Amino acid sequence: METQLPDDFRCPISLEIMSDPVILPSGHTFDRVSIQWWLDSGHRTCPITKLPLPEHPCLIPNHALRSLISNYTLVSPSKLQPCPQPQIVISSLTSQSSHVGTKLNSLTHLVRLTKHDLGFRRKLTELGAAPGVLKCVGSDDPSLQEKALSLLLNLSLDDDNKVGLVAEGAINRVIKVLRFGSPDCRAIAATIITSLAVVEVNKATIGAYPDAIQALVWLLISGKGREKKEAATALYAICSFADNRRRAIDCGAVPILISLLDSGLERAIEVLGLLVKCKEGREEMMKVNGCVKVLVSVLRNGSSRGVQYGLFTLNCLCTCCERLCFEAINEGVVEICMGLMEEENEKIRRYTSSLVQTLRENHAFG
């Protein structure tokens, strides 16, 4: 079917179907990404005629050809997959003279191609795409930064890429975005932290960055709905590493998470369920007025996962504090536990039984 495609649809440089055809002063048409790469590489001749070009040749959009290609796509989309060669696209990201529009176009292609294609993700990293992508992540242009973050997220989905991306300096770039990026960029940046933290060694590396956990906690305070949720998810991912729990506690995460949980962000209980495992976390939770009330509310209204973490967290607190046992009783936890004993979820039944036993051992009820 490829042989049936009109040759005029193909870029003379990449031999791929053009997605953004432009005309050189020589009169010949090329895909913008490919010809921009040619020019950025220092060439000042037409690739076809070899005739000299102006120092800064004007690239005129070929609207007629673009329309033809677009209409052909509508008729037979399976025949048309615009895709410049990866080397050309990567070169456009790393070149000092590439325009923002060229880089944005290149990133758009790569985001589309890496969304579901595991093999292409690996190929890009093997070709050395990471430095160019990270450079774009550091861009002052919000559109370019957001598209670069989307590509970085796609690349990070491959476990074989995770350690390498961190070694290339991805964490520093992402932390800056968490602080100074647009709301959408900050949400994607937090998601990248979660993705990179899937690999155990990265949890320690991420936490060791002075501002990483602090930036996530800051996002819990200042972010909007999606940003807060992604920041909490990232904290959960990296706080499975014990040293990071203490770092999050030192950054003031506990009262913020309890407040967010009280406001309806159930993801916060998952993070609290990790922080309660260390002494410092339990001590901080005991200091927060209304902490038990919020946890009991999760038992009453939360999802199955939320109830599991709520039971675990409350049990850890009640085990080491008799006062909290009586607070839990006063909030109606015994009646809730009686109902949870009939749950199908084995973990909920087990955690409920442990909590009831803890209350009895502390003489909170008979």
Side-chain angles (χ1 to χ4, degrees), residues 171-172 174-181 183 186-198 200 202-298 302 305-306 308-321 324:
I171 303 303
N172 262 333
V174 169
I175 290 172
K176 289 180 182 178
V177 176
L178 288 173
R179 285 289 195 181
F180 306 112
R186 291 199 297 253
I188 299 172
T191 308
I192 291 171
I193 294 287
T194 302
S195 177
L196 293 174
V198 168
E200 200 65 27
N202 280 352
K203 300 179 195 291
T205 305
I206 294 169
Y209 277 81
D211 298 327
I213 291 177
Q214 188 177 53
L216 290 170
V217 173
W218 177 83
L219 196 56
L220 290 177
I221 301 171
S222 63
K224 304 299 182 184
R226 182 188 170 201
E227 297 163 80
K228 292 178 186 290
K229 183 177 179 180
E230 296 299 340
T233 303
L235 279 174
Y236 177 78
I238 62 178
C239 284
S240 61
F241 180 70
D243 288 352
N244 289 340
R245 297 170 197 162
R246 286 183 281 275
R247 289 169 177 144
I249 293 161
D250 290 342
C251 289
V254 168
I256 297 165
L257 288 165
I258 293 174
S259 175
L260 290 173
L261 182 60
D262 192 31
S263 300
L265 183 65
E266 191 177 80
R267 189 61 55 85
I269 189 59
E270 299 177 19
V271 188
L272 290 169
L274 292 177
L275 302 186
V276 79
K277 292 181 178 181
C278 64
K279 179 184 176 184
E280 297 88 346
R282 293 190 292 273
E283 289 175 349
E284 286 300 310
M285 291 180 206
M286 291 176 196
K287 295 176 185 177
V288 179
N289 290 329
C291 174
V292 169
K293 182 178 182 180
V294 173
L295 293 175
V296 172
S297 177
V298 173
R305 185 174 173 86
Q308 289 179 45
Y309 278 93
L311 287 165
F312 178 81
T313 303
L314 190 57
N315 187 43
C316 288
L317 293 174
C318 289
T319 298
C320 58
C321 182
L324 296 185

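Please read these numbers as outputs of a predicted model, since none were measured by experiment. Numbers here simply count residues along the sequence, with the first being 1.
Here Cys320 contributes atom SG and Lys279 contributes atom NZ; the two are 10.0 Å apart, rounded to the nearest 0.5 Å. Separating the CD1 atom in Ile258 from the CG atom in Leu272 is a distance of 5.5 Å, to the nearest 0.5 Å. Rounded to the nearest 0.5 angstrom, Gln308 CD and Thr313 OG1 are separated by 11.0 Å. Glu227 CD to Trp218 CH2: the interatomic distance, rounded to the nearest 0.5 Å, is 8.0 Å. To the nearest 0.5 angstrom, Cys291 atom SG is 7.5 Å from Leu324 atom CG. The CD atom of Glu280 sits 7.5 Å away from atom CG of Asp250, with the distance rounded to the nearest 0.5 Å.
Considering all non-hydrogen atoms of both residues, Arg186 and Leu219 come closest at NE-CD1, 3.4 Å. The minimum heavy-atom distance linking Leu257 with Ala268 is given by the pair O-CB, 3.4 Å. In this structure, Thr319 and Asn315 approach most closely via the heavy-atom pair OG1-O, 2.6 Å. Ala190 approaches Leu178 most closely through the heavy-atom pair N-CD2, 3.7 Å. In this structure, Cys316 and Val276 approach most closely via the heavy-atom pair CB-CG2, 3.6 Å. When all heavy atoms are compared, the tightest approach of Lys228 to Ser222 is NZ-N, 4.5 Å.
Annotation: side chain of Leu220 is in contact with side chain of Leu260 (closest heavy-atom distance under 4.5 Å). Using a 4.5 Å heavy-atom cutoff, the side chains of Leu216 and Ile238 are in contact. Looking only at side-chain heavy atoms (C-beta outward), Glu284 and Leu275 stay at 4.5 Å or farther from each other. For the pair Val294 and Val288, the minimum side-chain heavy-atom distance is 4.5 Å or more. Considering only heavy atoms from C-beta on, Asn172 stays 4.5 Å or farther from Asp211 through its side chain. By the 4.5 Å heavy-atom criterion applied to side chains, Val174 and Leu196 are not counted as neighbours.
With hydrogens and angles disregarded, a donor-acceptor distance shorter than 3.5 Å links the side chain of Ser263 to the backbone of Ser259. A donor-acceptor pair under 3.5 Å is formed between the side chain of Thr233 and the backbone N or O of Lys229. Side chain of Arg245 to main chain of Cys239: a donor-acceptor pair is present (N/O by atom type, distance under 3.5 Å, no hydrogens or angles). Checked by atom type and distance alone, the side chain of Asn244 pairs as donor or acceptor with a backbone atom of Lys203 at under 3.5 Å. Of the possible polar contacts, one joining the Ser240 side chain to the Ala237 backbone as a donor-acceptor pair under 3.5 Å is found.
Ile269 pairs with exactly one of Phe312, Tyr236, Tyr309 by the side chain to side chain contact (heavy atoms under 4.5 Å, CB included) rule, that one being Tyr309.
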> After noting the C-alpha distance and the side-chain angles of Ile213 and Val217, does the key distance pass the side-chain contact (heavy atoms from CB on, under 4.5 Å) rule?
Replying inline: CA-CA 6 Å; Ile213 291 177; Val217 173; 4.3 Å; yes
>> Using the rule given for side-chain contact (heavy atoms from CB on, under 4.5 Å), can you reason through Ile188 versus Arg226, listing the C-alpha separation, both sets of side-chain angles and the distance that settles it, and then say yes or no?
In response: CA-CA 10 Å; Ile188 299 172; Arg226 182 188 170 201; 3.8 Å; yes
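Between Glu270 and Arg267 there is a salt bridge, with a side-chain nitrogen of the basic residue lying less than 4.0 Å from a carboxylate oxygen of the acidic one.
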